[in-house]
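Just below is one structure, and these are the notes that go with it.
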Number of protein chains: 4
Amino acid sequence: MKAWVKSRPAPGAELAEVPDPVPAPDEVLLKVRRVAICGTDLHIYKWDRWAQEKIHPPLIFGHEFVGEVVGMGAQVRGHKLGDLVAVETHVACGHCRLCRRNLGHVCENMKIVGIDRPGAYAERVAIPAVNAWPVPHGMPLEQAAALEPLGNAVHSVLAGEIAGCSVAVTGCGPIGLFAICVARACGAGPILATDVNDYRLELARSCGADRTVQVKRENWVDAAREMTAGEGVDVVCEMSGQPTVIVESLKALRNAGRLSLLGLSSQDLTFDFSQLLIFKGITIQGILGRRMFETWHQMTSLLESGRLDISKTITHVMPLADLEDAMRTLAAQQAGKIVLVPWGETTGGPAAKRSSEREPAGTRA
Amino acid sequence: MKAWVKSRPAPGAELAEVPDPVPAPDEVLLKVRRVAICGTDLHIYKWDRWAQEKIHPPLIFGHEFVGEVVGMGAQVRGHKLGDLVAVETHVACGHCRLCRRNLGHVCENMKIVGIDRPGAYAERVAIPAVNAWPVPHGMPLEQAAALEPLGNAVHSVLAGEIAGCSVAVTGCGPIGLFAICVARACGAGPILATDVNDYRLELARSCGADRTVQVKRENWVDAAREMTAGEGVDVVCEMSGQPTVIVESLKALRNAGRLSLLGLSSQDLTFDFSQLLIFKGITIQGILGRRMFETWHQMTSLLESGRLDISKTITHVMPLADLEDAMRTLAAQQAGKIVLVPWGETTGGPAAKRSSEREPAGTRA
Amino acid sequence: MKAWVKSRPAPGAELAEVPDPVPAPDEVLLKVRRVAICGTDLHIYKWDRWAQEKIHPPLIFGHEFVGEVVGMGAQVRGHKLGDLVAVETHVACGHCRLCRRNLGHVCENMKIVGIDRPGAYAERVAIPAVNAWPVPHGMPLEQAAALEPLGNAVHSVLAGEIAGCSVAVTGCGPIGLFAICVARACGAGPILATDVNDYRLELARSCGADRTVQVKRENWVDAAREMTAGEGVDVVCEMSGQPTVIVESLKALRNAGRLSLLGLSSQDLTFDFSQLLIFKGITIQGILGRRMFETWHQMTSLLESGRLDISKTITHVMPLADLEDAMRTLAAQQAGKIVLVPWGETTGGPAAKRSSEREPAGTRA
Amino acid sequence: MKAWVKSRPAPGAELAEVPDPVPAPDEVLLKVRRVAICGTDLHIYKWDRWAQEKIHPPLIFGHEFVGEVVGMGAQVRGHKLGDLVAVETHVACGHCRLCRRNLGHVCENMKIVGIDRPGAYAERVAIPAVNAWPVPHGMPLEQAAALEPLGNAVHSVLAGEIAGCSVAVTGCGPIGLFAICVARACGAGPILATDVNDYRLELARSCGADRTVQVKRENWVDAAREMTAGEGVDVVCEMSGQPTVIVESLKALRNAGRLSLLGLSSQDLTFDFSQLLIFKGITIQGILGRRMFETWHQMTSLLESGRLDISKTITHVMPLADLEDAMRTLAAQQAGKIVLVPWGETTGGPAAKRSSEREPAGTRA
């Protein structure tokens with residue numbers, strides 16, 4: 001089959017012909033229908049320091065995707081051929097003490113699809129059956145490809161009280177945009193969004209932010225206080241990974257507020273924990289992945305009921321064959337989520353998206 | 001001042017001239033701006049069995065209202081003349097063991113405005129300052145009069161997980177309608193609403209119910225299962241008070257679901273607790289009043305951010321002078337919430353509502 | 001192998017020679033080391049109405065046990081030969097919507113060991129590997145056999161706030177006794193225990209109840225109020241299954257208290273839900289089985305740290321060969337938990353228990 | 001009356017004759033029966049940098065105390081003359097948005113007894129009636145004087161799940177010792193305690209620590225991992241305020257663990273938040289004061305039921321007249337909690353403590 005392979009410890013990726021994956025007894029084999037680009041994929045493509053430490057070529061990368069079940073191992077129950085599934089890319093071991101406590105999202109033996117095992121910039125991929133989640137009924141494939149990062153946002157926003165809470169989302173990359181959509185759908189407000197990038201702030205407004213702050217032009221902590229009659233916001237969802245923004249977040253929060261941290265950095269965080277954390281009675285949460293599978297259930301329900309609309313976050317649909325172009329587009333920071341269409345799949349506008357979904361197998365290109 | 005007084009242990013009420021209330025040191029004196037009718041008020045008016053047991057004439061009744069602070073006792077802090085406030089009608093003692101644990105909503109020494117102490121079918125009323133809650137900025141007075149019963153709905157809906165949950169609201173009187181609005185605003189879905197009354201079901205749809213069931217024509221338990229792929233709903237907010245509906249609610253819930261009971265009855269409930277409650281791992285919550293004052297805060301935030309819209313629930317605005325007409329209208333079950341305008345207040349359309357609000361005192365009629 | 005088989009739809013059980021179980025690919029084969037008697041087993045033995053509806057002979061029954069891993073299927077990970085394991089007897093399907101939400105304890109496809117599939121009144125039994133839980137280090141085998149019903153008590157007691165809470169445990173059968181032990185270990189107090197049986201109340205005191213009430217001689221609701229300065233208890237763990245006791249429990253609770261129901265009955269429950277549930281703001285929880293596997297983790301930690309001591313609850317150790325005697329002893333209600341020792345296992349006093357545990361395989365009788 | 005006054009901006013304190021306090025309408029006047037020394041008091045006494053910034057002489061300091069109600073303002077309800085009360089030293093305003101949400105422990109208008117208003121190193125002190133909490137029945141006065149700092153520990157330990165959790169308490173000053181007592185009473189285990197001071201570690205063991213680590217001789221992170229089969233502890237209660245210990249705490253925690261921070265410092269905290277907080281899915285809580293008044297209720301219940309025993313933490317009882325000696329003793333770090341006996345109060349052994357409590361007023365010295 002065709003696949004984009006990180007074949008050497010160097011920038012770039014190679015389009016190659018590789019053997020088809022064979023599912024283990026507890027795995028399903030998926031035909032990739034749509035695959036999105038994560039910031040992590042760009043790190044791997046560029047071969048930055050993080051990638052050099054974590055990735056062992058050759059590796060098929062790509063991990064945000066929707067696939068169709070085209071094969072399965074003998075032990076698999078609960079799936080059938082033709083099912084459309086999104087994929088939880090964190091493969092938990094299932095038997096460690098954390099997994100047995102339903103804390104699989106922080107399993108110490110975790111393997112990640114597209115990092116530690118073959119990913120989805122390919123025609124087909126095998127994953128554990130338990131990691132396959134049925135796509136919400138009627139969902140366009142382009143959106144279904146983004147369920148994994150949307151789950152990060154759902155996990156962040158719903159990690160504490162949210163209805164009737166004022167919220168700041170710091171950083172309007174795709175997960176920040178998703179967080180705005182989710183917070184709005186779940187009764188949060190007012191919602192303030194911050195970024196350095198005007199393009200992204202425009203997307204933030206279209207996703208439902210009540211107030212946006214371009215942080216080079218305006219002090220967002222002041223804006224957050226002003227928006228809340230001086231009190232500070234109830235919740236910050238921190239998506240930027242910038243240590244300075246984390247410190248600002250603590251300042252922007254009301255006493256006893258919640259700071260949910262998702263954005264990563266290679267830099268340390270330094271702050272006056274006594275004044276900003278203890279005296280304010282604040283709670284900080286490290287958010288990793290998605291609760292397995294409560295988050296997936298919440299996300300599915302929000303989407304199927306129509307409460308949550310993420311259509312504005314998908315800004316580009318391109319052929320997977322043009323991965324290199326797509327990587328350049330993402331690097332230029334003039335994109336929300338970019339979704340890629342594998343070889344042989346039909347691309348089209350919204351109508352085409354809907355008609356291409358769940359059609360009889362024989363009619364698919 | 002003028003007031004409607006339940007002057008005798010008999011049906012009806014009497015419009016009378018009574019002495020002005022004098023606020024105690026920790027009380028505020030309110031000029032009533034709008035007052036709504038609660039089902040309880042109709043019980044008092046009709047002088048049914050419940051009223052005969054609970055009410056000791058003479059009593060000024062009426063307890064859902066918005067007022068303007070026109071006086072206050074010497075110990076009052078945090079309020080000023082001219083403030084528009086809604087009223088928590090449950091007067092908790094503040095010093096019993098439950099109050100000291102922030103469980104004032106179930107204070108054992110509770111007194112209720114319009115039941116145990118003078119109410120708001122009057123020009124003015126005195127209440128404890130702690131029970132006065134600032135009206136959300138920009139809110140029409142007619143809606144502000146309904147914050148107390150809206151709080152019942154907010155308390156019910158937010159008494160557990162709600163975002164991404166399927167919900168049934170059984171009974172579409174005003175609190176049921178409010179519950180639909182709140183559930184929808186907070187990410188619940190799909191939302192099923194039940195009633196015997198087509199008028200109310202039409203209101204339910206306009207408030208955001210995804211599915212309505214007229215229970216004389218259709219089995220709502222079946223509808224709830226069908227709506228949830230056979231699983232049952234995550235949450236039922238029971239507003240009818242009918243024992244049979246409570247039993248049906250247990251059947252309509254998925255395993256480990258939540259049943260929040262607000263509707264009251266003089267009848268006993270009989271059910272197979274082993275099969276319907278224990279084997280299903282269900283949680284039943286008795287919901288009384290509003291959390292003081294977390295519920296008020298949540299409600300205010302939902303309204304001020306615009307996430308929650310209750311405009312469709314207010315179906316009638318009438319003069320308080322016509323209380324008897326209003327009672328007949330409510331009794332006919334062809335109304336959502338009925339709001340009354342005291343003597344000397346201007347009635348009008350939406351524009352008037354807004355302009356009449358928070359204007360300088362001298363300009364008011 | 002030898003096993004007690006419910007061979008016919010009639011009272012009693014038959015000691016028979018049956019084929020050895022063969023574990024499926026995801027199952028472990030266990031040598032039964034100790035097996036306890038549950039009230040359910042007595043129902044099956046006596047062949048009462050419940051048993052007649054639920055049980056399909058022939059069936060090897062018995063489900064509270066500790067075993068040693070002596071074989072396993074090819075897909076099993078996380079277990080090894082020689083491990084001592086207790087068994088979660090509720091076999092959840094693992095792939096239904098409830099299981100995927102970590103609500104496996106109420107899986108709609110649930111099968112129960114010793115009810116729906118072969119049980120443990122036998123020399124060996126095969127169970128899904130995921131249902132095997134490592135026995136806490138150093139635990140006597142007799143106690144390890146009781147972990148499953150102890151888990152019911154842990155689930156009940158820890159289903160809400162418990163530290164610093166006053167508690168009533170209604171019904172002092174083994175699970176009630178366990179609940180007293182667990183509540184005491186977790187900071188609850190004062191703890192009141194009720195029963196009709198003086199023998200059991202004596203056990204309740206030795207397990208840590210601060211106050212016991214023989215309900216034929218004394219009104220326990222009054223006692224509960226007296227114990228809490230008139231306020232009522234924070235929590236009731238209802239283990240009797242008697243509808244009248246459930247109604248009394250609602251009366252004994254303080255406002256906003258918690259009622260956790262575990263005891264089952266074939267009778268309906270009838271009560272004034274408006275007065276006893278809604279006006280009091282009470283929460284009722286149906287408790288089924290054990291959270292998989294949070295409850296098992298909590299239980300293990302409480303036992304390994306020594307905070308929880310259940311030694312007083314095991315009143316009889318008898319040979320499994322004498323099952324009929326044991327059933328008579330249990331029926332006479334003069335027992336706490338009765339533990340049975342399979343053929344070929346050594347019985348002994350506490351010292352023997354400890355030495356027989358985890359000894360090299362060759363030395364076992 | 002006699003009082004120790006911080007009369008000048010310099011080290012030390014002056015014993016002076018000052019006017020008697022007069023309670024406001026909503027205040028009670030207390031006769032100080034016992035008063036303990038907080039680390040904060042030592043800062044004030046020594047006049048260190050923190051004190052120079054926060055304290056405005058002249059000030060009567062001292063804030064951990066038990067008093068007898070000897071007077072009250074006209075508005076006070078729920079107290080009577082002769083009541084023994086402990087004191088919540090954080091005076092919340094009661095009407096700000098945080099107070100109205102039951103978050104008075106982080107009220108932005110908070111005033112602190114003995115810091116911002118006159119304290120308890122005096123014969124009498126006036127405090128808001130709402131801040132007076134009845135002493136648990138039968139409690140020795142010396143222990144009752146320590147309820148305020150004990151409340152810090154109760155708040156920390158019960159700020160999340162604790163029953164069946166492994167815990168590390170870092171720093172064995174009085175609040176650390178209290179935390180060990182509370183954790184043990186509430187079912188936590190195993191409990192590891194750390195300090196640099198052997199005297200304190202001996203106290204920690206007598207309070208119920210299962211394992212102690214002298215951090216100059218042994219790596220406590222390794223010890224915590226060893227104690228938990230390599231997994232890491234579920235909870236850390238950080239009482240030392242040392243940034244290095246906070247970083248170690250993150251390392252010692254299992255994934256998805258809880259870090260409750262109470263210890264303060266003037267130093268910043270620097271750490272790799274991506275690796276230690278986000279990838280581990282950890283929650284950090286800033287803990288300030290006590291929940292008003294849930295924490296006081298929990299504490300009272302734990303003490304009255306006998307589950308919690310803090311007797312080992314009170315190591316010194318000295319005359320308040322000897323405050324300077326007491327400060328030196330505390331500074332030498334060879335003390336747990338030091339309790340002081342005001343002028344005219346009888347000191348004695350345990351028997352005397354009990355007999356001196358709640359005796360008729362006329363018999364007191």
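Each chain gets a letter, A, B and so on, in the order its sequence line appears, and its residues count up from 1. Because the structure is a prediction, the values reported are computed rather than measured.
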query: Going through the distances and angles, do C/D272 and B/Q267 end up as a side-chain contact (heavy atoms from CB on, under 4.5 Å)?
result: CA-CA 7 Å; C/D272 181 343; B/Q267 293 177 271; over 6 Å; no

Most contacts with chain C, counted as non-hydrogen pairs under 4.5 angstrom, among [options]:
options	result
B/R101, B/M110, B/H105	B/R101
B/S266, B/S265, B/A256	B/S265
B/E231, B/K280, B/E108	B/E231

message: Within the supplied structure, the quantity of interest is the number of heavy atoms (other residues, nucleotides, ligands) at a distance under 6.0 Å from B/Q52 CD; does it exceed 12?
response: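 Yes, the 6.0 Å shell around CD holds more than 12 heavy atoms from other groups.
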
message: So if I apply the side-chain contact (heavy atoms from CB on, under 4.5 Å) rule between C/T283 and each of B/I284, B/I287, B/T283, which one comes out positive?
response: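 Testing each of B/I284, B/I287, B/T283 against C/T283, the sole residue satisfying side-chain contact (heavy atoms from CB on, under 4.5 Å) is B/T283.
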
query: Which bit of B/I246 comes within less than 4.5 Å of chain C, counting heavy atoms only: side chain, backbone, both or neither?
result: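 Only the side chain of B/I246 comes within 4.5 Å of chain C.
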
task: Answer with side chain, backbone, both or neither: which region of B/L103 has an atom nearer than 4.5 Å to a non-hydrogen atom of chain C?
output: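 For B/L103, side-chain heavy atoms alone lie under 4.5 Å from chain C.
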
Straight-line distance of [X] [atom1] to [Y] [atom2], nearest 0.5 Å:
X	Y	atom1	atom2	result
C/L269	B/T270	CG	OG1	7.5 Å
C/Q285	B/I282	CD	CD1	12.5 Å
C/L288	B/F279	CG	CZ	6.5 Å
B/L264	C/Q275	CG	CD	8.5 Å

query: Got C/F271 and B/F273 here, is their nearest side-chain heavy-atom distance under 4.5 Å?
result: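 In short, these two side chains do not touch, never coming nearer than 4.5 Å.
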
query: Any side-chain heavy atom of B/I278 within less than 4.5 Å of one from C/L262?
result: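 B/I278 does not reach C/L262 side chain to side chain.
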
